[in-house]
Amino acid sequence: KKSILDESREKQLLWTGDMLSRIHSRYYDESLSEEERNKVSVPSILKQMRKSVFSSEPRAAKFLLSGLVPLHKQNYSADYGNSPRPHVVRYAEELGATIVSNVTNDLTHVVAARDGTDKILRARHIPGAAIVGVSWLMECYWSCSLRDITPHILGAPPLLIQQPKAEQRRILLVGSDSSEDEDEDEDFIASFEREMAS
């Protein structure tokens, strides 16, 4: 029986093998000229790979951190001088996410240390906002790929995003504009729906 440590190491080896394969493919891409290839480096390829993790999503990734980093340290600016960004902030931004400090309707993820904070309770009402543990962000970062959130969800799964209902369209048949025909159509539709329901 494998231990959790063995499983974790195996997973990391699989991610590393996948990353090396993707780096190799990008470096030796036939569409690159020799001059372009000379400008490419492994760190630059890794940076591109990481940046594309969340940018490939249909919605722009907006993360709210809860219980991980004090608010005054989440937004990096020149005011902090040489002090480094907290790791979790740097990882999220390098993967293409934007760190926000408040719950907004376009929030995509709350990366949290624990469930039940005020931010999480407000975020649970935002359709599509997933509340996940920091382990999910670490997996995405170290694998340079979007990982499944399911094993990392804290509490209930996110509310589904409601898709706008398609406009209902009526088909007008040529020469069939009398109200009598419409009544027959509505009767047919009603009886068909009853039949389908039973």
Side-chain angles (χ1 to χ4, degrees), residues 4 7-8 11-12 14-15 18-19 22 46-80 83-170 189-190 193-194 196-198:
I4 293 173
E7 286 179 19
S8 178
K11 192 184 299 185
Q12 184 64 46
L14 291 171
W15 293 339
D18 176 59
M19 286 172 42
R22 289 187 287 153
L46 273 172
K47 187 175 182 178
Q48 289 172 346
M49 286 170 56
R50 285 196 173 114
K51 199 67 165 174
S52 70
V53 169
F54 295 130
S55 63
S56 63
E57 288 296 289
R59 293 186 334 165
K62 296 211 175 169
F63 287 13
L64 178 68
L65 304 178
S66 178
L68 296 169
V69 178
L71 283 174
H72 70 281
K73 291 189 176 187
Q74 289 182 17
N75 295 323
Y76 179 76
S77 71
D79 297 340
Y80 294 118
S83 65
R85 290 178 295 172
H87 294 296
V88 70
V89 172
R90 182 171 57 88
Y91 291 167
E93 290 175 343
E94 285 183 16
L95 292 171
T98 301
I99 301 294
V100 297
S101 55
N102 295 308
V103 175
T104 59
N105 287 335
D106 58 351
L107 185 68
T108 59
H109 297 83
V110 177
V111 180
R114 66 193 161 284
D115 195 7
T117 66
D118 288 341
K119 288 179 186 178
I120 289 174
L121 295 176
R122 286 191 311 256
R124 287 206 189 283
H125 299 287
I126 307 296
I131 290 79
V132 295
V134 72
S135 58
W136 172 76
L137 180 62
M138 296 299 108
E139 279 193 14
C140 291
Y141 186 81
W142 291 109
S143 69
C144 287
S145 64
L146 186 60
R147 308 304 303 168
D148 181 19
I149 64 169
T150 305
H152 306 280
I153 290 178
L154 299 178
L159 295 174
L160 296 177
I161 297 173
Q162 295 294 323
Q163 298 297 329
K165 291 184 178 180
E167 265 187 58
Q168 292 184 351
R169 298 182 185 181
R170 294 186 129 200
I189 291 170
E193 287 176 347
R194 280 192 303 275
M196 294 304 291
S198 57

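D18 and R22 are joined by a salt bridge, as a carboxylate oxygen and a charged side-chain nitrogen come within less than 4.0 angstrom of each other.
Residues meeting the side chain to side chain contact (heavy atoms under 4.5 Å, CB included) test with Q48, sequence neighbours left out: R26. Residues that satisfy the side chain to side chain contact (heavy atoms under 4.5 Å, CB included) test with R90, not counting sequence neighbours, are R85, H87, E94, Y141. The salt bridge (Lys or Arg N to Asp or Glu O under 4.0 Å) search around R114 returns none, not counting sequence neighbours. Checked against side chain to side chain contact (heavy atoms under 4.5 Å, CB included), R59 has the following partners two or more places apart in sequence or in another chain: T108, I161. For D148, the side chain to side chain contact (heavy atoms under 4.5 Å, CB included) partners are T150, P151, not counting sequence neighbours.
Summarising the geometry of G155 relative to D115, their closest heavy-atom pair is CA-OD2, 3.5 Å, with the distance given to 0.1 Å. For the residue pair K119 and V103, the shortest heavy atom distance occurs at O-CG2, 3.6 Å. Closest approach of L121 to G116, counting heavy atoms only: CD1-O, 3.9 Å. Heavy atoms only, all atoms of each residue included: R124 and L159 are closest at O-CD1, 3.2 Å. Listed here is the closest heavy atom pair of I120 and A112: CD1-CB, 3.6 Å. Residues L68 and A113 come closest through the heavy atom pair CD2-CB, 3.8 Å.
The CG atom of L95 lies 7.5 Å from the SG atom of C144; values are rounded to the nearest 0.5 Å. One finds the SG atom of C140 at 11.5 Å from the CZ atom of R50 (value rounded to the nearest 0.5 Å). To the nearest 0.5 Å, the span separating NE2 on H109 from CG on L137 amounts to 9.5 Å.
Here the options are D106, T104, T98, the test is side-chain hydrogen bond (donor to acceptor under 3.5 Å, both in side chains), and the partner is K62; only D106 passes. When each of F54, Y91, W142 is tested with W136 by the rule ring-ring contact (aromatic ring centres under 6.0 Å, His included), just one qualifies, namely F54.
The backbone N or O of L46 lies less than 3.5 Å from no partner atom in the side chain of K51, so there is not a single donor-acceptor pair.
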Show every donor-acceptor pair shorter than 3.5 Å between a side-chain atom in residues 125-135 and any protein atom, with sequence neighbours excluded, or say none if there are none.
| residue | atom | partner | partner atom | Å |
| --- | --- | --- | --- | --- |
| S135 | OG | H152 | ND1 | 2.7 |

